[in-house]
Amino acid sequence: MSQVRVRFAPSPTGFFHIGSARTALFNWLYARHTGGVFVLRIEDTDKERSTEQFLNVIYDSLTWLGLTWDEGPKVGGGFGPYRQSERMDIYRDHLARLQAAGRTYEKDGAVYFKISGEPQIIDDAIRGRVERTEEKDFVIVRSDGNPVFHFVNVVDDITMQITHVIRGEDHLSNTSKHTELLQAFGAPRPVYAHIPLILKQNGPGKMSKRDQGALVEEYQRRGYLPEALVNFLCLLGWNPGDNREKLPLAEIIRLFDLPGVNQSNARFDEKKLAHMNMAYLLEQPADRFVALTHDYCLRQKSAAALAAEPAYFREVMLLSQPKIKAIEELPAYTAYFFAEDFPIDPKVRDKVMAKGDPKARLRELAAALQAADFSTDAALEETIKATAAKSGLGFGDYQAVARLAVSGTNVGPGITGMFRALGRDRVLRRIERFLAA
Ligand code: GLU
């Protein structure tokens, strides 16, 4: 068989959403699986609704997700131009061919395509056999001279030699118009593969751009890992055939195929995405994790964290890595590492201070920490344990109040890691201040 050529054909008329990203991903995966070509084509004939801003969001989101295109805007290719607004002479030429074949007529300034009216049988690679008969001639060029979606879409698939049309199921009902046009041009048919809809998280109906969590750029802004989103997206309508959900991309590429795409609709699940993201965050190598957190702090303009010594910033972020669920938790989670005027959580204080004599414990610990070795967690743990043993108490009797004094809360990285990162001076200063208050 000749080389597979697939295309992702977005219209830049709105923000780039989860559904578009999934369509792009399935095309990209199929191209990578087959050693084929992934074409990006911009369907921007609707001049009123298409904007450069939305176009840039498409480029940025695809690039962020790693769905690089082999042919298309910016990279070029042998079948360009790749923006429909730049292909008007190609459409004019193809219109002339239909006119010459007697397949068009004009009515009220619009150009109509004369259908054959024959049943159109589509062997969809996902849906199976679908039969539909067009009953009415349809407009291919509007009275304002603008060619219509069905027409330009088919002309481009022909001229770009697209072999497989992988797109959302909402286009299944258009396909008989498209095969009618292909037939009129005497062009070979691509393989059609209509992928199931993505249902909104709650309630019936298709997910739309307006639904919560629908925009790809939002995940980018929130510090999500693109590979987590890609992994999540590929499971919206596909699975590897076993129970695995988290898979390396190379494995997804190896296993992805059209018959493996489900017929039933997939439901968007933001919690599952968050969970996938957390799993990817946990396993990030230190350098990449620190770079991600640094980018996020830059975007959030977290001045105090950005002003810290790079080695200290790194240590704090790496201490937090196993504890957080998302990058966006980090500013609040680590605030007390970067500022002395952190708040004391009154609920935690009331709870911790209600039992025993926590101030006495803190005084004992402060005395022991004066001479303690702050270089390793093990040494600090020894110090706390030895202090506790002297009074016949447990580690916990010291840990909770020390944490409260040093961080103002009861959540955070392990106490010894926290002490080690903050260092003796800061820890003792904070304990003293707490005792004095
Ligand atoms: N521009 C169409 C869309 O965004 C593309 C349809 C197709 O892939 O054929 O839905």
Side-chain angles (χ1 to χ4, degrees), residues 4-31 36-51 54-55 57-59 61-62 67 69 71-73 79 81-87 90-91 94 120 122 124-127 130 132 138 140 142 146-182 185 187-198 206-210 214-216 233 237 258 261:
V4 164
R5 292 178 57 83
V6 292
R7 85 298 192 276
F8 173 54
S11 306
T13 54
F15 286 102
F16 194 69
H17 59 105
I18 292 289
S20 302
R22 201 259 322 240
T23 300
L25 173 63
F26 280 20
N27 276 283
W28 183 87
L29 284 173
Y30 193 63
V37 176
F38 176 57
V39 178
L40 174 62
R41 177 170 86 220
I42 303 300
E43 304 213 322
D44 59 349
T45 51
D46 185 345
K47 289 190 204 80
E48 246 108 80
R49 292 173 58 228
S50 301
T51 72
F54 289 143
L55 192 61
V57 173
I58 293 171
Y59 297 151
S61 296
L62 286 175
L67 307 181
W69 52 102
E71 286 179 25
F79 300 82
Y82 292 92
R83 287 178 67 162
Q84 289 185 331
S85 55
E86 294 167 7
R87 295 173 64 80
I90 297 171
Y91 306 137
H94 278 74
Q120 301 295 306
I122 296 135
D124 192 278
I126 296 166
R127 310 295 314 178
V130 181
R132 249 183 91 94
F138 56 90
I140 51 175
R142 286 197 199 85
N146 264 328
V148 165
F149 160 70
H150 303 296
F151 177 67
V152 294
N153 183 270
V154 166
V155 168
D156 285 349
D157 284 344
I158 296 170
T159 52
M160 293 179 179
Q161 294 178 20
I162 298 304
T163 60
H164 293 69
V165 169
I166 305 170
R167 61 184 174 190
E169 200 184 271
D170 45 334
H171 286 291
L172 185 58
S173 58
N174 294 326
T175 306
S176 44
K177 286 193 178 68
H178 299 179
T179 54
E180 278 267 9
L181 282 166
L182 285 162
F185 282 117
R189 269 194 202 184
V191 172
Y192 288 99
H194 285 92
I195 50 188
L197 298 179
I198 302 175
K206 187 185 153 191
M207 190 170 182
S208 85
K209 301 178 203 222
R210 286 166 300 280
L215 300 187
V216 170
L233 287 173
L258 296 176
V261 177

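We count ligands from 1, going down the list as the structure has it; atoms in each ligand are counted the same way. Computed from heavy atoms alone, side chains included, the values below leave out hydrogens, waters and symmetry copies.
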> Are any of the side-chain heavy atoms of Glu71 and Val37 separated by less than 4.5 Å?
Replying inline: yes
>> Under 3.5 Å, is there a donor on one side chain and an acceptor on the other for Asp156 and Tyr91?
In response: yes
> Do Ile42 and Gln84 have side-chain heavy atoms sitting under 4.5 Å apart?
Replying inline: no
> Going by heavy atoms in the side chains, are Leu25 and Phe8 under 4.5 Å from each other?
Replying inline: no
>> Using heavy-atom distances only, which candidate in Arg167, His178, His171 approaches atom 3 (C) of ligand 1 most closely?
In response: His171
> Taking the side chain as C-beta and beyond, is there a heavy-atom pair between Ser11 and Asp44 under 4.5 Å?
Replying inline: no
>> Return the closest protein heavy atom for atom 8 (O) of ligand 1 as residue, atom name and distance.
In response: Arg7 NH1, 2.8 Å
> Which ligand 1 atoms does Glu43 reach within 4.0 Å, using its non-hydrogen atoms?
Replying inline: 1 (N), 2 (C), 5 (C)
>> Heavy atoms only, cut-off 4.0 Å: how does Asn153 contact ligand 1, side chain, backbone, both, or neither?
In response: side chain
> Based purely on interatomic distance, does Ala9 place a nitrogen or oxygen under 3.5 Å from a nitrogen or oxygen of ligand 1?
Replying inline: yes
> Going by the order shown, which atoms of ligand 1 are within less than 4.0 Å of some heavy atom of Ser11?
Replying inline: 1 (N), 4 (O)
